[in-house]
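Down below is the structure, laid out as structure tokens.
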Amino acid sequence: MRLSLIPLLFATAAACQAQEPEPFPDGADALPASAAGEIAGSSGPVAFVRVAVLPMVDGADGGSGRVLEDHTVLVDGDRIVGVGPADEIEVPEGAIVVDGTGKWLIPGLAEMHGHVPPPDAPRAFVENVLFLYVASGITTVRGMLGAPGQLALKEEANSGRIVAPTLYLAGPSFSGGSVTSPEQAAAMAREQAAAGWDLLKVHPGPTRAEYDAMARTARELGMRFGGHVPEEVGLVHALEMGQETFDHLDGYVEHLDGEAGPVDPVELEAIVRTSREAGAWVVPTMALWETLWGIPTLETLAAYEELQYMPPDIVEGWKARHRERLADPERDPAVARTVIDNRMRILAALADGGVRILMGTDAPQLFSVPGFSLPRELERMEAAGMSPYEILVSGTRNVGAYFANEDAFGTIAPGQRADLVVLAADPLADIANVASIDGVMVRGRWLPRAELDAGLARIAASYRRR
């Protein structure tokens, strides 16, 4: 049985059958002027000096995590232009100098299953959500539910006119409500490719014939697609048809009958092998799915400090929905626990088996605040057996590899997009140190801790005044 989820309220009428949590429920309106828009950041040459660099360069470290001690990284415009020992790199005259003594520099992180408010949402809310990502070190977001007009926001964000991660956006989803026939599914894929969306988003609901028509058309157009696995399609057929990403581990629990008891290790090994050979990518979203299955108590969720950065009426809506979920007479806590335990086994097997993992939290969602949801997700990935270095790879180098046809980023090397995060503590010693952010650079724009804090304070204050 699939987890029953509330439809997205901001989706088009055709997509309202989408089986996914609701990122932007009613109440995300009447906000004050953007609290993040006052952040200026810096431009021009920037030098990070005497910092410990985690380059995340493929093959440079045997997979264990190489640290370049006492190094300098030079940035000019939106590109890294130099990396080398501090005593050998000359800092250009007039450059902004960031003292990295006792600090660590990593590539910017990614939210590979994120949501971006639609253009008809209040402007302040849109900019605040994008700022929250950046303030948490997330410099790339793959938005997984497009809305008409959102491509204009993508251009605005990616050109640096607002403080925002670099956006790659899926179009409006292919769901049981938006797809009516194989012919219409193919036409919809062509329309989205022509419009300039970066990928097609699959939701539950399409028939196998409709899914196949979309997939064949996408292949013909060179258009990637990912997301959920419709029930009639099944995981193996989705892999055969070329679906690239499997978000929320969708299809795996169902394929392995993971609600009935512990998954069969032989069958698990077989589907891991099939996934690896198909070149699949997986976006686990482990922490949110524990919330959706009712594992955390409402008291635990309501105590998250980052809820201050979301509109109070949205937070109250999240609380109401969690109460309803826990009170659902059809909910079986034993089944919920079995599913979550199996999800951990599946993620461990996929990571160990060489299937490429992509970092993602599905924010903003129920108690999943953009950026601030990341530490809980990384903790669950570590609990599944992934090392801190492997976790960092999922949010940096792997993301750069996934988007290799779009730009060069995800590692710290000359020519790479200048997306960088300065940390006050070593993330290889403790993955929780990813939250010890001293400053963020997004596409060459440097935002030190003081400016991030000022933006966060303005957002929190704006919601307190409502």
Taking the side chain as C-beta and beyond, is there a heavy-atom pair between [X] and [Y] under 4.5 Å?
X    : Y    : value
I431 : E379 : no
L358 : F246 : no
L301 : T297 : no
I412 : P107 : yes
Y304 : V315 : no
V116 : L167 : yes
P388 : D430 : no
L109 : V434 : yes

Would you find a donor on one side and an acceptor on the other, under 3.5 Å apart, between the side chain of [X] and the backbone of [Y]?
X    : Y    : result
E290 : A287 : no
S173 : K201 : no
R343 : H248 : yes
N342 : V263 : yes
E377 : M286 : yes
S159 : E155 : yes
D362 : T285 : no
E267 : L256 : no
R445 : G77  : no
Q192 : P172 : yes

Exercise for review: Compute the centroid of each ring, for F225 and then for W197, and state whether the two points are separated by less than 6.0 Å.
Suggested key: no
Practice item. Report yes if the distance between the aromatic ring centroids of W281 and Y402 is under 6.0 Å, otherwise no. Key: yes
Taking atom types as modelled and ignoring hydrogens, do the side chains of [X] and [Y] form a donor-acceptor contact shorter than 3.5 angstrom?
X    : Y    : value
T411 : Q416 : yes
S175 : H203 : no
T217 : R190 : no
Y252 : S275 : yes

Roughly how far, to the nearest 0.5 Å, is the [atom2] atom of [Y] from the [atom1] atom of [X]?
X    : Y    : atom1 : atom2 : value
T396 : L420 : OG1   : CG    : 11.5 Å
D250 : Q243 : CG    : CD    : 8.5 Å
F48  : M441 : CZ    : CE    : 4.0 Å
N158 : T140 : CG    : OG1   : 9.0 Å
M386 : L350 : CE    : CG    : 10.0 Å
T291 : I295 : OG1   : CD1   : 9.0 Å

**Study point:** Residue pair E111, T361: steps toward the side chain to side chain donor-acceptor pair (under 3.5 Å) verdict
**Key:** CA-CA 7 Å; E111 168 60 85; T361 73; 2.4 Å; yes
How close do [X] and [Y] get, heavy atom to heavy atom, and via which atoms?
X    : Y    : result
I437 : G137 : CD1-N, 3.6 Å
V141 : G114 : CG1-CA, 4.3 Å
P427 : L423 : CG-CD1, 3.8 Å
A384 : L347 : CB-CD2, 3.9 Å
P119 : P148 : CG-O, 3.5 Å
L288 : S368 : CD1-CB, 4.4 Å

**Study point:** side-chain contact (heavy atoms from CB on, under 4.5 Å) assessment of V229 paired with V202
**Key:** CA-CA 7 Å; V229 177; V202 184; over 6 Å; no
Review point. Are E244 and R224 close enough for a salt bridge, meaning some N to O gap below 4.0 Å?
Key: yes
Check your understanding: How are the rings of H113 and H228 set to each other: parallel, tilted or perpendicular (split at 30° and 60°)?
Key -> perpendicular
Practice item. Give me the ring orientation class for Y168 and F409: parallel if the planes are under 30° apart, tilted from 30 to 60°, perpendicular past 60°. Key: parallel
Practice item. Please step through salt bridge (Lys or Arg N to Asp or Glu O under 4.0 Å) for the pair D341 and R345, ending with a clear verdict. Key: CA-CA 6 Å; D341 289 346; R345 294 185 183 100; 5.1 Å; no
Exercise for review: In sequence, state the C-alpha distance, the side-chain angles, and the governing distance for D198 and R142, and then conclude on salt bridge (Lys or Arg N to Asp or Glu O under 4.0 Å).
Suggested key: CA-CA 9 Å; D198 296 300; R142 189 180 70 143; over 6 Å; no
Point to revise | Chi angles and distances behind the salt bridge (Lys or Arg N to Asp or Glu O under 4.0 Å) call for R123, E156 | key: CA-CA 13 Å; R123 180 65 181 195; E156 189 176 4; 2.4 Å; yes
Practice item. Mind running salt bridge (Lys or Arg N to Asp or Glu O under 4.0 Å) on D407 and R417 for me, showing each step along the way? Key: CA-CA 8 Å; D407 201 349; R417 192 167 72 210; 3.1 Å; yes
Check your understanding: Does E269 CD have over 12 foreign heavy atoms under 6.0 Å away?
Key -> no
Revision key, fill the gap. When D78, D419, T166 are each screened for side chain to side chain donor-acceptor pair (under 3.5 Å) with R443, the one that passes is T166
